[in-house]
Number of protein chains: 2
Amino acid sequence: MLTVWLNYLVNMENNEHKILEAAKTVFQKKGMTGARMQEIADEAGINKALLHYYYRSKQMLFEAVFFQAFSLIAPKLGAVLNSEIALFDKIKHFTKGYISFAMAHPYVPKFIIQELNQNPDFAEKLVQHNSFPNIDIFKNQIETAVKNGKIRTISPEQLFINIMSLTVFPFIGAPLLKGFTKLNEADYKVLIEERKTMVADFIINAIKK
Amino acid sequence: MLTVWLNYLVNMENNEHKILEAAKTVFQKKGMTGARMQEIADEAGINKALLHYYYRSKQMLFEAVFFQAFSLIAPKLGAVLNSEIALFDKIKHFTKGYISFAMAHPYVPKFIIQELNQNPDFAEKLVQHNSFPNIDIFKNQIETAVKNGKIRTISPEQLFINIMSLTVFPFIGAPLLKGFTKLNEADYKVLIEERKTMVADFIINAIKK
DNA sequence: GTCTATAGCCAGATAGAC
DNA sequence: GTCTATCTGGCTATAGAC
């Protein structure tokens with residue numbers, strides 16, 4: 001227990017860890033191509049040469065950041081999707097959990113989707129990653145609910161896409177949506193906060209008979 | 001009529017136009033920071049110096065592409081949102097119209113949202129742009145429908161965000177969603193095609209009493 | 001492990017001939 | 001208007017002292 005705490009303290013002053021934190025900040029703000037190694041070094045408060053000492057190249061540092069970001073959120077999503085709870089409860093947990101996470105880490109969703117769009121081959125690496133969530137159980141659950149007449153007819157894939165869209169897009173599209181709704185940062189945040197429960201209600205109303 | 005056709009032909013061979021088309025292709029694929037002027041020149045089949053002759057700098061060429069992309073879709077959205085048709089019909093037109101457009105121009109939504117996230121000041125320029133849609137009429141329409149008991153209680157902003165999310169996200173998040181659903185390009189496209197009507201049905205079910 | 005200095009390359013932009 | 005050649009700066013990456 002004490003060692004955990006000590007490791008934590010050590011890591012805070014550990015250069016390798018400081019670099020990864022700085023790289024996260026810069027890559028998530030500027031993207032792979034927009035980020036500069038010098039800026040990451042400055043952000044970490046260390047020398048540029050050390051970046052290469054620890055991570056060899058910009059590409060490898062980037063991939064470390066990318067997969068760490070994904071590993072931060074993916075297991076949480078997978079755990080909810082594969083848990084043994086009723087469909088409506090699962091939808092509530094999933095949306096609330098994701099929105100809470102994204103509010104705490106606002107750059108992560110943007111970052112993942114952005115880089116995935118510019119590196120199509122990254123998608124393959126990601127799917128094969130051990131923490132990539134499997135949605136088969138969730139799909140079965142939806143199909144069963146449709147068959148049993150518990151919910152309206154809808155393809156499991158479409159319902160899943162709808163759930164993802166309603167939870168993720170308000171973060172990805174924030175600048176655009178703020179423009180449309182003419183809301184400032186603070187008011188937009190209030191709106192997002194409301195979505196922790198609103199999104200699930202909306203979905204459930206859409207599918208329940 | 002003849003002159004229109006002649007202008008079209010001339011523009012096809014016009015270098016200024018060829019540059020803009022090539023720039024669109026490269027910027028939308030690689031983003032502002034990832035794109036290279038040389039690649040745009042190659043794509044246009046002309047010399048790199050000509051890019052600067054016509055557009056002065058990379059930044060200015062980029063902005064020309066960006067605002068042209070936005071002008072391509074924004075007026076269509078605005079027209080639907082401000083038309084005088086019933087709420088449910090408007091939702092049907094909007095979603096079907098947007099999805100049809102995005103299928104024909106798959107890079108445009110990604111491009112706009114991506115660059116908006118990396119250039120926060122772009123958002124302001126965009127909102128002041130003459131073709132930026134105003135959603136006041138649409139918001140009033142929703143508020144009235146709520147007051148008259150035609151639909152469930154929902155804030156106009158939240159409903160608008162839901163509509164945008166369900167229509168736009170499947171294009172922005174395509175690589176991720178393909179990974180989750182394990183669908184290939186062709187099957188995913190079929191799914192998107194279904195959404196031309198499915199999305200509106202889903203929304204209407206969610207809000208109607 | 002950590003630094004300074006610099007190699008080596010490539011990008012955006014311009015000069016100037018035609 | 002269109003080209004070739006080139007400037008200038010900034011970037012990733014490494015060499016080498018400590």
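Proteins get letters first, then strands, A, B, ... in listed order; numbering begins at 1 in each.
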Novice: Kindly write out the residues that satisfy salt bridge (charged side-chain N to carboxylate O under 4.0 Å, His left out) with A:K92, not counting sequence neighbours, or none if the list is empty.
Specialist: none
Novice: With a 4.0 Å cut-off, would you call B:E21 and B:K24 a salt bridge?
Specialist: yes
Novice: Is a side-chain N or O of A:Q141 found less than 3.5 angstrom from the main chain of A:I85, in a donor-acceptor match?
Specialist: yes
Novice: Just the rounded figure in Å: distance from P of D:dT12 to CG of A:L51.
Specialist: 9 Å
Novice: Give A:Y54 one of three labels, base, sugar-phosphate or nothing, depending on what nucleic acid heavy atoms sit under 4.0 Å from its own.
Specialist: sugar-phosphate
Novice: Give the ring-plane orientation class for B:F62 versus B:F122, where under 30° counts as parallel, over 60° as perpendicular and anything between as tilted.
Specialist: tilted
Novice: How long is the line joining CE of A:M60 and P of D:dT12, in whole Å?
Specialist: 16 Å
Novice: At under 4.0 Å between heavy atoms, how does the protein contact nucleotides 4-18 of chain C? Give one character per nucleotide, 5' to 3', with B, S or -.
Specialist: B------SBBB----
Novice: Roughly how many Å is it from CG in A:L50 to C1' in D:dT14, rounded to a whole number?
Specialist: 13 Å
Novice: What's the OH-P distance between A:Y55 and C:dT2, to the nearest Å?
Specialist: 12 Å
Novice: Name the orientation class of the two ring planes belonging to A:F160 and A:F138 (parallel below 30°, tilted from 30 to 60°, perpendicular beyond 60°).
Specialist: perpendicular
Novice: Starting from P on D:dT12, measure out to CD1 on A:I40 and report it in whole angstrom.
Specialist: 8 Å
Novice: Can you list everything that forms a salt bridge (charged side-chain N to carboxylate O under 4.0 Å, His left out) with A:D136? Sequence neighbours excluded, please.
Specialist: B:K182
